[in-house]
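In the text below, chain A, chain B and the rest are named by the order of the sequence lines, each starting its count at 1. Please read these numbers as outputs of a predicted model, since none were measured by experiment.
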There are 2 protein chains.
Amino acid sequence: MPLQELKKFEPAPPCPIRDVLDRIGDQWSVLVLLTLRPGTRRFNELMREIGDISKQMLSRTLKRLEQDGFITRTVYPEVPPRVEYSLTELGHSFLEPMRALVAWADQNHRTIAEARERYRGGN
Amino acid sequence: MPLQELKKFEPAPPCPIRDVLDRIGDQWSVLVLLTLRPGTRRFNELMREIGDISKQMLSRTLKRLEQDGFITRTVYPEVPPRVEYSLTELGHSFLEPMRALVAWADQNHRTIAEARERYRGGN
DNA sequence: TGCACCTGGTCTACCTTGTAGACCTAAATG
DNA sequence: CATTTAGGTCTACAAGGTAGACCAGGTGCA
C-alpha cells in the first residue's frame, strides 16, 4: 500500500511543531524569508539574490509561505507584470528566533568543519 | 552538464551558515537531536520514538550528525550488538537556539493553521 | 508590419533523493 | 535446528527537485 493512501487515514499531523518545522525546514523557505528581511522583493530579484534556486521551487516556496501567512504577494497589473513579495508580521516574528539559530551557525561552523575534517582524517 | 560535475568546480560552500542550515534542515536531523536531548538512546529506541523514519535515513542521519560532531556513537561489543547515541556539548549548545524556534512554532502553529484555512476558504 | 524583449510564472522530461522491505551477522534461547 | 534480537546494508521503486522550453501580451526598434 503506497504511502499516499495511508496518509488519507491520518486525520492530522500529530505534532504541530513538526508540522511547522517541516514547512520551514525545506531547504529554501528560510533562505527566502531571510532574503525578504531587508524589504520587499520581486520574483526575479529573489532568484538573483538566492542564486541557485529554480523558478519552480521559488514559485512553490513563495506560494506555501503565502498560504501559511509568512509573506504577502502583491500583483501590479502592468505589462510586463510586477509582483512584489514582503514579510508579514508573522514572517518577521519568525525570523527573530531564526536569527539566534543563524548566529549559532555563524559561531560554530568552524567547529563543525573541524569535526568533519577529523572524521575524514580518523578514517 | 549534470549538476554533479558542476559541483566539482565549486571549491567550497560560499556561505557557511547555509552549509550548516542545509545539514540540520533536512527533515530528520533536528528531530533526532531533539529525541536525544533527554539522554542516551539506542538505534531502535530512536526508530520507535520518532515513529516514521526509515532505518536507512536514521542510519544516514546519525552518521552525518556524528561526523559533524553533534552526537557520539558508542558500540558495545556484545551479541546482539548494542549501540548508544548521545548528544555532545556541541549538540546541546545547538538545541538552545533551536528550542527558541520550537517555542515559536508552538506559540504560532494555530495562527499558521488559520492562515492556511483562510487561504483555502478565500479560493 | 514584423520581430525580439520584458516579467512572472507553468509544464515537462529527467535525475537525485527518500522509502519500504528483504537480507545479513552471530550468539542465545526453546 | 529454527527463531529471536540489534543494528545495520542493499535493492527496487516512488516521490521530489532541476533545468530549460514555453506562454501571455504590451513595448521598442527597424
Side-chain angles (χ1 to χ4, degrees), chain A residues 1-10 18 21-32 35-36 40-67 71-86 123, chain B residues 1-10 18 21-32 35-36 40-67 71-86 123:
Chain A
M1 190 179 203
L3 184 58
Q4 249 177 333
E5 299 187 32
L6 275 175
K7 276 184 178 168
K8 284 181 190 167
F9 298 106
E10 290 177 13
R18 275 191 64 178
L21 292 185
D22 280 2
R23 292 278 183 141
I24 60 91
D26 77 332
Q27 192 83 224
W28 296 121
S29 295
V30 169
L31 215 51
V32 169
T35 309
L36 284 175
T40 294
R41 290 288 183 281
R42 300 175 62 175
F43 189 88
N44 281 348
E45 287 176 334
L46 288 170
M47 284 277 289
R48 274 191 297 276
E49 291 193 37
I50 295 175
D52 56 348
I53 189 173
S54 66
K55 283 185 169 199
Q56 194 176 54
M57 283 314 293
L58 180 56
S59 182
R60 273 190 219 165
T61 303
L62 289 168
K63 209 170 284 174
R64 279 193 327 180
L65 289 175
E66 190 199 358
Q67 277 180 30
I71 63 176
T72 58
R73 179 176 186 274
T74 314
V75 183
Y76 297 87
E78 307 168 352
V79 170
R82 185 158 59 102
V83 182
E84 289 188 346
Y85 296 92
S86 53
N123 260 7
Chain B
M1 189 180 205
L3 184 59
Q4 248 177 335
E5 299 188 33
L6 274 175
K7 276 185 175 166
K8 287 181 189 167
F9 299 106
E10 291 178 11
R18 276 191 62 177
L21 292 185
D22 280 0
R23 291 279 183 138
I24 62 93
D26 76 334
Q27 192 83 223
W28 295 121
S29 294
V30 169
L31 214 53
V32 168
T35 309
L36 284 175
T40 295
R41 290 287 184 281
R42 300 175 62 175
F43 190 88
N44 280 347
E45 288 176 334
L46 288 170
M47 285 277 289
R48 273 193 297 277
E49 289 192 39
I50 295 175
D52 56 348
I53 188 173
S54 66
K55 281 184 169 199
Q56 196 177 52
M57 283 313 293
L58 181 55
S59 181
R60 272 190 219 165
T61 303
L62 288 168
K63 211 170 281 174
R64 280 193 326 182
L65 290 175
E66 191 199 356
Q67 276 180 32
I71 63 175
T72 56
R73 180 176 186 273
T74 314
V75 184
Y76 297 87
E78 305 169 355
V79 170
R82 185 159 59 101
V83 182
E84 290 189 345
Y85 296 92
S86 52
N123 260 8

Grab the CG-C1' distance between B/L46 and D/dG8 for me, whole Å please.
-> 13 Å
Atom pairs under 3.5 Å, N or O on each side, protein against nucleotides 23-30 of chain C: can you list them with distances?
none

Table please: side-chain donor-acceptor pairs of residues 51-58 of chain B below 3.5 Å, with sequence neighbours left out.
unit_1, atom_1, unit_2, atom_2, d
B/D52, OD1, A/R18, NH1, 3.3
B/D52, OD1, A/R18, NH2, 3.3
B/D52, OD2, A/R18, NH2, 3.3
B/S54, OG, B/M57, N, 3.3
B/Q56, OE1, B/R60, NH2, 3.3

Between C/dG9, D/dG8, C/dT7, which one does the side chain of B/F43 approach most closely?
-> D/dG8
Option from B/L65, B/T74, B/L46 for which side chain to side chain contact (heavy atoms under 4.5 Å, CB included) with B/Y85 holds | B/L46
Return the angle between end axes of the helix from C/dT1-D/dA30 to C/dG30-D/dC1, with five pairs used per end and rounding to 10°.
-> 30°
From the options D/dG8, C/dG8, C/dT19, select the nucleotide whose nearest atom is closest to the side chain of A/V83.
-> C/dG8
For the side chain of A/Q56, counting heavy atoms from C-beta on, which of C/dG18, C/dC11, D/dC10 is nearest?
-> C/dC11
Of A/R60 and B/E45, whose closest DNA chain D nucleotide lies nearer the 5' terminus?
-> B/E45
Mind calculating the distance between NZ (B/K63) and C1' (D/dG7) to the nearest angstrom?
-> 11 Å
Below 4.0 Å: OP1/OP2 of D/dG16 and any side-chain N or O of A/W28 | no
Taking atom types as modelled, is there a side-chain donor on A/T72 or A/S86 under 3.5 Å from an acceptor on the other?
-> yes
Shortest side-chain distance from A/R73, nucleotide among C/dG8, C/dG9, D/dT18 | C/dG9
Identify, between A/R48 and A/S59, the residue whose nearest nucleotide on DNA chain C lies closer to the 5' end.
-> A/R48
